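Below is one structure, written out as structure tokens; comments come after it.
Values in this document were obtained by computation on a predicted structure and should not be read as measured data.
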Amino acid sequence: MGGSGSKLEKALGDNFPEGEHYFGLENFGNTCYCNSVLQALYFCVPFREQLLQYYGKNKNITDAEENLLTCLAELFSQISSQKRKTGVIAPKRFVQRLKKQNELFRSYMHQDAHEFLNYLLNELVDILEREAHAEKDDQGTLLPSEKIANGPKSGLANGAKKAPLATWVHKNFQGILTNETRCLQCETVTARDETFFDLSLDIEQNSSITSCLKNFSSTETLNAEDKFFCDKCCSLQEAQKRMKIKRPPRVLVIHLKRFKYMEQLGRYKKLSYRVVFPLELRLSDTDEEADIEYSLFAVVVHVGSGPNHGHYVCLVKNHNHWLCFDDETVEVVDEASVQTFFGSTQDFNNNTDHGYILFYESINRN
């Protein structure tokens, strides 16, 4: 452990960031899916800072209930307060709590990192909302800063529940999609907003994140048996439908749908398609006044040829250098090596390390 730590410190030398800590996480039997996502979240600096603030406010509450939020806050505090710069920490309490709370993660089978991320963010939101409501009941009033602008949004995606409060999880990860349907008879546009914590994108061979996002927002014609009931025409009509990113989140999480159910095989298959993800991403066609620019800061990589077995590692960009977190091991990697995780141009390839979840942070928004 000490040898690995000193090796990493030697590799970075004078470039080791002041006050930063690079710690591997112990694997408790196929918990790499959890470790890789936790590393990505730890190096999402705004999220980390707000979680540590939460820990500072609540650590001395003696009768506090243990939950995933308190366990995660304690883990992040444990990492950030280490005297050593590098080493290994065992996220035992967090993993025990996760398994106790959700039977999906109790077995030692291979788990899906995206399912875990989605479950974790929604669980954190639920806990923060319960605490805010309890505080509101105690005080009898709600602080103006806790109210969501323009009221709660309806129709929530990715399992996010209707929330009257904007927690700091929402403020970092939540964006708004608009589902627009235009009647081709009367030209009336019906729009429905829904929130998201991540975007799940269909992928194609030899494509890019930009092309995947264009496909996500492409126009679909509803006709024949799929006609749309237009309230203005009071009848079924042909229509055009599209999904648009109305308000992009501060932290854009993109999930590449690499596991596809194959009817002829009767099972899921991993798509090793080559999908180029840029280090800098520009989002246009939103309701923002200007294009939103994002910078890639973490990639959860799936290693393996199939959906039911394999391994997860996390690539992280921190203070202008890239690191690979592979459970207990942490190594410096070249920025150019990020390209090796785009995927393969052929189905049968020795390289089975593919980018699966991408974390982008906005660089031109408050």
Side-chain angles (χ1 to χ4, degrees), residues 4 7-8 10-12 15 22 24-25 27 30 32-44 86 110-114 117 198-213 252-260 268-282 294-361:
S4 171
K7 185 179 176 183
L8 179 59
K10 284 175 184 174
L12 288 169
N15 292 321
Y22 299 140
L25 296 174
N27 189 319
N30 265 355
C32 56
Y33 70 93
C34 173
N35 289 347
S36 58
V37 168
L38 292 182
Q39 294 289 11
L41 291 176
Y42 184 82
F43 289 98
C44 178
T86 59
H110 184 68
Q111 303 291 346
D112 187 280
H114 175 247
L117 171 65
D198 64 77
L199 289 180
S200 289
L201 301 182
D202 289 312
I203 60 174
E204 295 176 350
Q205 180 59 285
N206 286 322
S207 58
S208 67
I209 293 299
T210 306
S211 64
C212 291
L213 284 167
L252 176 64
V253 181
I254 294 176
H255 161 235
L256 301 181
K257 293 162 82 169
R258 287 201 176 273
F259 303 116
K260 184 177 182 180
Y268 281 89
K269 177 190 175 185
K270 181 180 178 183
L271 304 177
S272 60
Y273 297 162
R274 186 174 190 271
V275 182
V276 175
F277 46 87
L279 300 180
E280 307 292 332
L281 178 68
R282 182 185 293 269
Y294 287 93
S295 180
L296 184 71
F297 71 88
V299 182
V300 172
V301 174
H302 181 267
V303 181
S305 56
N308 300 316
H309 58 273
H311 183 53
Y312 287 102
V313 301
C314 185
L315 302 175
V316 164
K317 184 182 183 183
N318 183 255
H319 293 274
N320 294 319
H321 53 254
W322 283 88
L323 302 124
C324 178
F325 290 82
D326 183 353
D327 288 331
E328 295 90 346
T329 306
V330 186
E331 294 178 332
V332 180
V333 294
D334 293 331
E335 184 173 271
S337 68
V338 175
Q339 298 177 21
T340 63
F341 301 97
F342 287 167
S344 314
T345 53
Q346 300 167 332
D347 276 348
F348 301 100
N349 194 294
N350 291 332
N351 178 17
T352 62
D353 306 2
H354 307 124
Y356 183 49
I357 311 173
L358 313 174
F359 292 78
Y360 285 93
E361 188 170 10

By side-chain hydrogen bond (donor to acceptor under 3.5 Å, both in side chains) - contacts of [X] (at least two apart):
X: N318; result: E20, Y22
X: K270; result: H302, H354
X: D327; result: N27, N35

Sequence neighbours excluded, which residues qualify as side chain to side chain contact (heavy atoms under 4.5 Å, CB included) partners of [X]?
X: E331; result: T329
X: T210; result: S208, K214, L281
X: D353; result: V301, V303, F341, N351
X: N206; result: R274, T345

Subject >> Within the 6.0 Å centroid threshold, strictly below: Y312 and H114 >> reply: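 They do not qualify: ring centres at least 6.0 Å apart.
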Test ring pair (Phe, Tyr, Trp, His ring centres under 6.0 Å) applied to [X] - qualifying residues, sequence neighbours left out:
X: Y356; result: H255, F259
X: H309; result: none
X: F342; result: F277
X: Y42; result: F76

Original post:
With a 3.5 Å cut-off and no angle check, do the side chains of N15 and H319 form a donor-acceptor pair?
Top reply: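 The criterion, which ignores hydrogens and geometry beyond distance, is not satisfied for H319 and N15.
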**OP:** Could you go through the side-chain contact (heavy atoms from CB on, under 4.5 Å) check for V275 and S207 one step at a time?
**Re:** CA-CA 5 Å; V275 182; S207 58; 3.8 Å; yes
**OP:** Pick out which of V316, L117, L252, L296 makes a side chain to side chain contact (heavy atoms under 4.5 Å, CB included) with F359.
**Re:** L117
Original post:
K260: what forms a salt bridge (Lys or Arg N to Asp or Glu O under 4.0 Å) with it, not counting sequence neighbours?
Top reply: none
